[in-house]
S.K.: 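Just dropping this structure here.
This is a predicted model, so every value here is computed, not measured. Numbered from 1 within each chain, the chains take letters A, B, ... in sequence-line order.
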2 protein chains.
Amino acid sequence: MRDVAEHAGVSVRTVSNVVSGYTHVSDATRARVQRSLDELGYKMDYLARGLRSGRTGFVALAVPFLVEPYFAALAQAVIQAAARRGITVLVESTGGDREVERRILAGGLTNVADGVLFSALTAPAADVPPAGPDFPLVMLGEHNVSDHLPRVGIDNVAAARTAVEHLLAQGCRRIVALGRNGSENGRQRAEGYQQALSAAGVRRVNWLVEPVDDWTREHGYATVRRLLEGSGPLPDAIFAFNDALAVGALRALDASGVRVPDEVAVVGVDDIPESAYTHPPLTSIAPDLDVIAERALGLLDAQTRAAGRTGTGDAAEGAPDADADWHGPSEATPFRLVVRESSLRPAPAP
Amino acid sequence: MRDVAEHAGVSVRTVSNVVSGYTHVSDATRARVQRSLDELGYKMDYLARGLRSGRTGFVALAVPFLVEPYFAALAQAVIQAAARRGITVLVESTGGDREVERRILAGGLTNVADGVLFSALTAPAADVPPAGPDFPLVMLGEHNVSDHLPRVGIDNVAAARTAVEHLLAQGCRRIVALGRNGSENGRQRAEGYQQALSAAGVRRVNWLVEPVDDWTREHGYATVRRLLEGSGPLPDAIFAFNDALAVGALRALDASGVRVPDEVAVVGVDDIPESAYTHPPLTSIAPDLDVIAERALGLLDAQTRAAGRTGTGDAAEGAPDADADWHGPSEATPFRLVVRESSLRPAPAP
DNA sequence: GCGATTGTTTGCAACGATGCAAGAGGCAGT
DNA sequence: ACTGCCTCTTGCATCGTTGCAAACAATCGC
């Protein structure tokens with residue numbers, strides 16, 4: 001920047017003004033500086049800017065596994081939404097590791113990112129500081145962590161209910177829920193499943209919630225395989241808590257020669273891209289990832305602005321905090337049921 | 001850091017020495033500083049360190065689309081390999097946009113990352129500076145960009161040849177190649193396809209290379225759909241240039257009632273996770289992503305060290321450059337053929 | 001024609017860390 | 001006791017940028 005300043009015959013500060021789009025710069029000066037900028041191939045040092053201004057233009061996104069299609073799609077949506085705001089995303093893969101997740105909640109990414117979007121898996125409730133984190137943080141999806149953290153995601157109970165209601169409408173009565181585990185997410189989807197069955201008056205003996213450790217294709221496959229080898233009567237539908245499980249289930253059914261949807265209907269959640277290409281194409285609950293990403297970034301922004309006091313400039317003090325708005329569980333984001341062949345019974349029963 | 005220094009009764013510099021693991025610090029001092037560090041909850045500011053030391057501990061990874069399973073898997077591998085080295089990965093999604101890719105080659109990520117791993121899609125050959133980039137850069141996979149850039153990836157010609165040889169061994173003779181496009185990658189896989197057919201003495205009239213714009217499920221589906229509706233004789237095998245295309249092809253075959261592998265065998269490249277769960281499970285060429293990630297980071301490291309002169313410290317000058325080693329096309333990384341049902345003909349022809 | 005207002009440019013210090021080199025203390029050798 | 005050579009610790013300047021506020025110039029109202 002000093003070089004550019006000399007080359008253009010102005011002060012360093014003026015160059016900074018031009019670069020950062022300060023209003024009060026004469027057109028003549030701006031043009032001259034701009035020319036020098038181009039000529040010398042100036043590139044802004046984002047580190048230095050971040051150090052001085054306290055804002056880096058980065059947002060960190062932490063997800064358990066990037067290879068899981070849902071998280072990949074989520075990441076893509078966040079990256080795109082961030083790009084629209086001129087923000088760069090720093091993707092961190094926690095591997096679902098408790099320790100890594102704890103470090104994130106403790107602020108491990110704070111000074112390099114203006115805010116953190118965190119999709120927790122193990123979600124260590126005890127690991128969040130009692131007073132809440134001292135940096136902008138938004139949770140994605142459901143989790144076990146403190147209620148005081150802002151979060152963005154669909155209403156899992158409603159989503160599960162919608163999926164199961166669809167199966168009921170197709171005439172299914174012995175519906176297996178696949179995916180219950182220790183997570184809050186799993187609890188909620190099981191809850192929605194139960195609500196739908198209760199409301200439809202399905203006899204309790206027909207409920208079956210299959211526990212699954214991880215929501216992956218592998219576990220879906222193995223669990224359904226085991227289910228089919230069991231002695232009980234065949235279910236007429238499987239509600240998988242996510243599409244990866246459903247994909248595994250479809251594979252297991254296919255391998256066992258069970259016809260889908262004629263013998264067993266299948267529904268998943270997430271509507272990952274591959275769900276349109278399974279055998280048969282998978283019915284799924286599709287969250288609007290763009291809305292999730294957009295809203296999450298908006299909430300981060302609100303926090304950043306509300307907490308303007310800390311580390312922004314040389315002088316201290318700021319607004320007394322707007323507190324409301326982003327605090328508390330925000331409104332759930334929209335989702336819709338995408339019906340494909342895997343759940344379309346030839347002749348819906350009465 | 002100043003606070004910690006006061007609290008421990010030492011100079012700021014000594015705290016820095018402790019934090020960065022400098023050798024000549026007495027055990028007593030180290031312990032005392034460490035205690036203050038913990039007590040005050042000190043967190044290193046990576047921006048400041050990066051600004052002063054010239055190294056940030058970040059590596060940027062630029063891929064076209066994170067939702068494409070291959071790139072997600074690649075990213076995951078890179079993130080893991082980087083974590084082992086104490087490096088954080090900054091993931092950038094170019095969207096395959098020419099302008100974005102140009103900006104990356106121009107060094108848009110330089111001062112925030114110590115090096116860049118770049119998986120180019122449009123690969124603008126003209127956009128790389130004639131003298132080569134002035135920052136550590138490693139290309140992932142094949143590309144059209146300058147030969148002088150170090151790159152890491154499998155031998156695409158050999159991979160394609162292997163895939164096609166496998167189909168030939170299964171008795172297939174009328175093999176369609178699916179995926180030729182403008183990319184270098186596509187050219188090489190087509191080349192391997194041709195080599196295998198030539199070597200096997202398959203009559204030229206049986207060659208068929210189907211062009212495809214993007215290597216996605218959608219394009220694979222649409223292209224095969226069109227192929228099946230055509231008047232020509234049915235192929236007995238499809239060699240898809242990647243698994244996403246193969247997945248689309250499988251869906252199209254399934255939708256048209258064509259049995260796989262009995263009527264048409266299918267092979268893909270990449271061995272993405274979902275390939276083990278398709279109908280039927282997909283035979284594929286599996287690159288070793290861990291080796292790719294590891295080697296790529298190693299090459300970056302070599303470049304970083306070789307170019308130690310620029311911007312490292314206050315004084316100038318460094319080693320006279322090792323030049324060799326990372327220069328020129330490095331040895332191809334290993335791959336293997338993973339045989340699944342999609343290519344297993346019931347009775348291999350003579 | 002003069003102070004007030006607005007518009008434009010600038011100097012200085014600082015963000016939080018590290019490179020460099022020198023200072024302080026201890027110990028052995030002569 | 002003096003020198004030389006360790007080990008340990010420290011002060012100062014600096015990375016590239018922006019916050020703050022002052023300086024200067026031009027314009028305006030009366």
Side-chain angles (χ1 to χ4, degrees), chain A residues 1-6 8-34 36-37 40-58 107 110-112 114 308-318, chain B residues 1-6 8-34 36-37 40-58 107 110-112 114 308-318:
Chain A
M1 205 175 238
R2 174 155 45 234
D3 296 344
V4 175
E6 280 172 20
V10 295
S11 76
V12 178
R13 198 61 185 74
T14 298
V15 176
S16 171
N17 284 338
V18 170
V19 170
S20 53
Y22 183 65
T23 14
H24 296 307
V25 179
S26 73
D27 291 347
T29 307
R30 184 182 301 279
R32 190 148 39 86
V33 171
Q34 189 58 56
S36 299
L37 245 30
L40 298 182
Y42 169 81
K43 274 177 281 182
M44 158 76 82
D45 185 325
Y46 295 101
L47 258 50
R49 165 201 279 199
L51 175 61
R52 176 63 236 210
S53 70
R55 306 205 41 178
T56 60
F58 290 130
T110 308
N111 53 37
V112 61
D114 296 335
R309 37 178 172 56
T310 314
T312 300
D314 294 337
E317 241 47 46
Chain B
M1 203 174 237
R2 175 156 45 233
D3 296 343
V4 175
E6 280 172 19
V10 296
S11 77
V12 179
R13 198 61 185 77
T14 298
V15 176
S16 172
N17 283 338
V18 170
V19 170
S20 55
Y22 183 65
T23 12
H24 296 307
V25 179
S26 73
D27 291 346
T29 306
R30 185 182 300 278
R32 190 150 37 89
V33 171
Q34 189 59 56
S36 299
L37 244 31
L40 299 183
Y42 170 81
K43 274 177 282 182
M44 159 76 84
D45 186 323
Y46 295 101
L47 258 49
R49 166 201 277 196
L51 175 60
R52 176 63 234 212
S53 70
R55 307 204 40 178
T56 60
F58 290 129
T110 309
N111 53 37
V112 61
D114 295 335
R309 37 178 172 57
T310 314
T312 300
D314 293 338
E317 240 49 44

S.K.: Would the distance check show the side chain of Asn111(B) and the main-chain N or O of Met44(A) forming a donor-acceptor pair, the cut-off being under 3.5 Å?
M.R.: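 Present.
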S.K.: Over all strands shown, is Ser26(B) touching base, sugar-phosphate only, or nothing at heavy-atom distances under 4.0 angstrom?
M.R.: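 It contacts sugar-phosphate atoms only.
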S.K.: Between Met1(B) (CE) and dC15(C) (P), how many Å, whole number?
M.R.: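 One finds 14 Å between P of dC15(C) and CE of Met1(B), rounded.
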S.K.: Expressed in angstrom and rounded to an integer, what is the separation of Leu51(A) atom CG from dT14(D) atom P?
M.R.: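 The answer, rounded to whole Å, is 17 Å.
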S.K.: Grab the CG-C1' distance between Asp114(B) and dC15(D) for me, whole Å please.
M.R.: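 Result: 15 Å.
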S.K.: Rounded to the nearest Å, what distance is computed from the CD atom of residue Glu6(B) to the P atom of nucleotide dG11(D)?
M.R.: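 About 12 Å, once rounded to whole Å.
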S.K.: Are OP1 or OP2 of dT18(C) and a side-chain N or O of Ser53(B) less than 4.0 angstrom apart?
M.R.: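 Looking at the OP1 and OP2 atoms of dT18(C), neither is under 4.0 Å from any side-chain N or O of Ser53(B).
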S.K.: In terms of side-chain heavy atoms of Val25(B), which of dT9(D), dA17(C), dT17(D) is nearest?
M.R.: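 Of dT9(D), dA17(C), dT17(D), dT9(D) is nearest to the side chain of Val25(B).
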S.K.: Please figure out whether Met44(B) or Tyr22(B) has its closest DNA chain C nucleotide nearer the 5' end.
M.R.: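 Looking at DNA chain C, the more 5' nearest nucleotide goes with Met44(B).
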S.K.: What's Val19(B) touching, base or sugar-phosphate or nothing? Going by heavy atoms closer than 4.0 Å.
M.R.: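 Nothing, no heavy atom under 4.0 Å.
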S.K.: Given that His24(B) and Ala48(B) both sit by DNA chain D, which one's nearest nucleotide is further toward the 5' end?
M.R.: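 Nearest-nucleotide comparison on DNA chain D picks His24(B).
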S.K.: Reckon Thr29(A) touches a base, only the sugar-phosphate, or nothing at all at heavy-atom distances under 4.0 Å?
M.R.: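 Sugar-phosphate only.
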S.K.: When you look at OH of Tyr46(B), are more than 12 heavy atoms from neighbouring residues, nucleotides or ligands closer to it than 6.0 Å?
M.R.: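 Atom OH in Tyr46(B) is not crowded, with 12 or fewer foreign heavy atoms closer than 6.0 Å.
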S.K.: Where is the tightest heavy-atom contact between Leu47(A) and Thr56(B), given as atom of each residue plus distance?
M.R.: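 Residues Leu47(A) and Thr56(B), closest heavy atoms: CD2-CG2, 3.3 Å.
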S.K.: In terms of side-chain heavy atoms of Ser11(A), which of dG11(C), dA13(C), dA17(C) is nearest?
M.R.: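 Of all the options, the side chain of Ser11(A) is nearest to dG11(C).
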S.K.: For Asn111(B), which contact category applies under a 4.0 Å heavy-atom criterion: base, sugar-phosphate, or nothing?
M.R.: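 Since no nucleic acid heavy atom lies under 4.0 Å of Asn111(B), the category is nothing.
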S.K.: Return the value, rounded to whole Å, for the distance between atom CZ of Arg2(A) and atom P of dG11(C).
M.R.: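 It is 13 Å, rounded to the nearest whole Å.
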S.K.: If I take atom CZ in residue Arg13(B) and atom C1' in nucleotide dT10(D), what distance separates them, rounded to the nearest angstrom?
M.R.: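 In whole Å, dT10(D) C1' and Arg13(B) CZ are 9 Å from each other.
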S.K.: Nearest 0.5 Å, please: how far is CE in Met1(B) from OG in Ser36(B)?
M.R.: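 The CE atom of Met1(B) is 12.5 Å from OG of Ser36(B), to the nearest 0.5 Å.
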S.K.: Any side-chain N or O of Ser16(B) under 4.0 Å from OP1/OP2 of dA17(C)?
M.R.: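 No, because none of the side-chain N or O atoms of Ser16(B) sits under 4.0 Å from OP1 or OP2 of dA17(C).
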S.K.: At what distance, to the nearest 0.5 angstrom, does OG1 of Thr14(A) lie from NE2 of His24(A)?
M.R.: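 Going from the OG1 atom of Thr14(A) to the NE2 atom of His24(A) covers 13.5 Å.
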S.K.: Can you measure Tyr46(A) atom OH to dT17(D) atom C1' for me and round it to whole angstrom units?
M.R.: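 For the pair Tyr46(A) OH and dT17(D) C1', the rounded distance is 13 Å.
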S.K.: Could you tell me the separation between the CG atom of Asn17(B) and the C1' atom of dA22(C), rounded to a whole number of Å?
M.R.: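 In whole Å, dA22(C) C1' lies 14 Å from Asn17(B) CG.
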